[in-house]
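One structure below.
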Amino acid sequence: MNTVSDKIILGIESSCDETGVGIVRLGSTGEITLLADQVASSVDQHARFGGVVPEVASRAHLEAMVPTMDRALDEAGISLSNVDAIAVTCGPGLAGALLVGVSAAKAYAAALDVPLYGVNHLAGHVAADTLQHGALPSECLALLVSGGHTQLLKVEDLAGKITEIGSTIDDAAGEAYDKVARIIGLPYPGGPPIDKAAKQGDPNAIKFPRGLTGPRDPKFDFSFSGLKTAVARWVEGQEADGKPIPVDDVCASFQESVADVLTAKAVRAATELGIGTLVISGGVAANSRLSGLARERCAQAGIELRVPRPRLCTDNGAMIAALGAHLVAAGVRPSSLELPTDPGLPVDTVYV
């Protein structure tokens, strides 16, 4: 990492239903210090639809961008004139939502005459861990689990070298949580209420399937669609027999299946690739059973486990600012003010 003078990096995140603005300080020796992390969520506006509505999300970003920016500047105790560079999520994500964030970032960068960096949302989730645990080792494995993504990533360099080694072939883990929550009458988003109910249930009460764990299945890929269907069929069977639904047991058994598959495949990948550090990031990383089981299995395998605090796991601007700081420190060429958005941006494209 190149030595640079202290710089203030501002990050803007708007890929889905959270408007995030984060601010970090990049020190002269490469250390990154979090100065502000402000988020405005539109999740309540989507709850009655059972999922994110793109047009609603885009309009919410428009309304929240400036107030969220003002709160972040106040928290950091700086003004816009102190900002040295701006990083913004340009993909992947919802097209309209991305456009709001990128347009705002371009306007701020042009007005302040500072460099602009269009970055990958997924790489930002990995970078979030550096705000809590410091620099990543030169090679680590990242398990990214969120509402829209479930991936295993080999991370050699946050400034540009990330390789996907496994991904979901259908539903992401977070999507499965939302769909199962709807099946059993729990609110959206499904992660927190299922996690809470599962603590009162028996994880062995119902034997739900573990997707893609057969001897001929892709060893690092994931599938949760079949698990979601299995839960639905089990609930339908109970209802047809006039039996009550043991919600706590359903939640615990479902969650055990998800956590079992995610942690088993992640530890197997790290072991086979000879990688000694596993980072779990993304919104589902805040799940108590996932982090607990990962801790047990990593300890048994001699693998260091790093999980950011829950606030850093969900979508936020701080993670984008942190990734931007890595790019600045590495001397990466800034993006053009003609920076496009890319809803399908692949994870190996860390910046545009």
Side-chain angles (χ1 to χ4, degrees), residues 46-47 49-52 143-152 164-269 280 282-297 313:
H46 304 285
F49 302 105
V52 176
L143 173 62
L144 176 58
V145 276
S146 68
H149 303 277
T150 301
Q151 295 168 297
L152 276 172
E164 179 182 280
I165 64 169
S167 182
T168 182
I169 64 171
D170 42 54
D171 288 349
E175 289 176 309
Y177 268 87
D178 293 340
K179 291 175 180 178
V180 167
R182 190 181 313 127
I183 290 168
I184 56 179
L186 294 180
Y188 171 87
I194 287 179
D195 194 12
K196 182 179 179 180
K199 293 175 182 178
Q200 310 303 319
D202 178 3
N204 299 309
I206 309 163
K207 186 62 176 178
F208 288 132
R210 271 60 170 165
L212 293 188
T213 55
R216 296 184 180 180
D217 290 327
K219 58 185 178 181
F220 299 144
D221 285 338
F222 304 94
S223 172
F224 297 104
S225 180
L227 171 60
K228 173 253 313 181
T229 300
V231 174
R233 296 292 175 265
W234 191 90
V235 170
E236 289 171 1
Q238 289 290 106
E239 292 174 336
D241 293 339
K243 298 178 181 178
I245 306 302
V247 172
D248 293 348
D249 287 346
V250 172
C251 289
S253 299
F254 161 76
Q255 182 161 275
E256 190 68 17
S257 177
V258 174
D260 184 19
V261 172
L262 288 173
T263 57
K265 293 207 171 202
V267 169
R268 178 180 181 181
I280 303 181
V284 183
N287 179 269
S288 64
R289 182 52 181 157
L290 174 59
S291 58
L293 188 56
R295 196 171 294 111
E296 294 173 18
R297 288 179 166 173
C313 289

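Computation of the quantities below employed the complete heavy-atom set of this structure, encompassing side-chain atoms and omitting hydrogens, waters and symmetry-equivalent molecules.
In terms of heavy atoms, D171 sits closest to S225 at OD2-CA, 3.9 Å. Residues A269 and L152 share a closest heavy-atom pair of CB-CD1, 4.1 Å. Residues A172 and S146 share a closest heavy-atom pair of CB-O, 3.8 Å.
Inter-residue side-chain proximity for D217 and S223 is flagged as unmet; no heavy-atom pair is nearer than 4.5 Å. Side-chain contact check for V52 versus Y188: some heavy-atom pair is nearer than 4.5 Å. The shortest distance between side-chain heavy atoms of D170 and T168 falls below 4.5 Å. Looking at I280 and V145, their side chains come closer than 4.5 Å, going by heavy atoms from C-beta outward. No side-chain heavy atom of K207 sits less than 4.5 Å from a side-chain heavy atom of E256.
Expressed to the nearest 0.5 Å, how far CG of L262 lies from CG of L293 amounts to 9.5 Å. Interatomic distance, CG of N204 versus CG of D249, reported as 10.0 Å (0.5 Å rounding). The distance from the CG atom of L290 to the CZ atom of R295 is 9.5 Å, given to the nearest 0.5 Å. For the atom pair SG (C251) and CG (D202), the distance works out to 12.5 Å, reported to the nearest 0.5 Å. With rounding to the nearest 0.5 angstrom, the CD1 atom of I183 is 8.0 Å from the CD atom of E236. With values rounded to the nearest 0.5 angstrom, T150 atom OG1 is found 8.0 Å from E175 atom CD.
Considering only residues two or more places apart in sequence or on other chains, P209 meets the side chain to side chain contact (heavy atoms under 4.5 Å, CB included) condition with L227, A230. The side chain to side chain contact (heavy atoms under 4.5 Å, CB included) check on Q200 picks up D248, with sequence neighbours excluded. By the side chain to side chain donor-acceptor pair (under 3.5 Å) test, T213 pairs with no residue at all, sequence neighbours left out. Scanning for side chain to side chain contact (heavy atoms under 4.5 Å, CB included) contacts around R268 gives K219, F220, E272, with sequence neighbours left out. Remark: K196 pairs with no residue by the side chain to side chain contact (heavy atoms under 4.5 Å, CB included) rule, at least two apart or across chains.
Within the structure, the ring-ring contact (aromatic ring centres under 6.0 Å, His included) test picks out the following pairs touching residues 237-258 (sequence neighbours left out): Y177-F254.
Within the 3.5 Å criterion, the main-chain N or O of N287 finds no donor-acceptor partner in the side chain of D195.
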*Evaluate the side-chain contact (heavy atoms from CB on, under 4.5 Å) criterion for residues F208 and V180: first the C-alpha distance (whole Å), next the side-chain angles of each, then the deciding distance (0.1 Å), finally the verdict.*
CA-CA 12 Å; F208 288 132; V180 167; over 6 Å; no
*asked:* Determine whether V261 and L212 satisfy the following criterion, side-chain contact (heavy atoms from CB on, under 4.5 Å), listing intermediate values before the conclusion.
replied: CA-CA 9 Å; V261 172; L212 293 188; over 6 Å; no
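A salt bridge between D260 and R297 is present, with a side-chain N of the basic residue lying under 4.0 Å from a carboxylate O of the acidic one.
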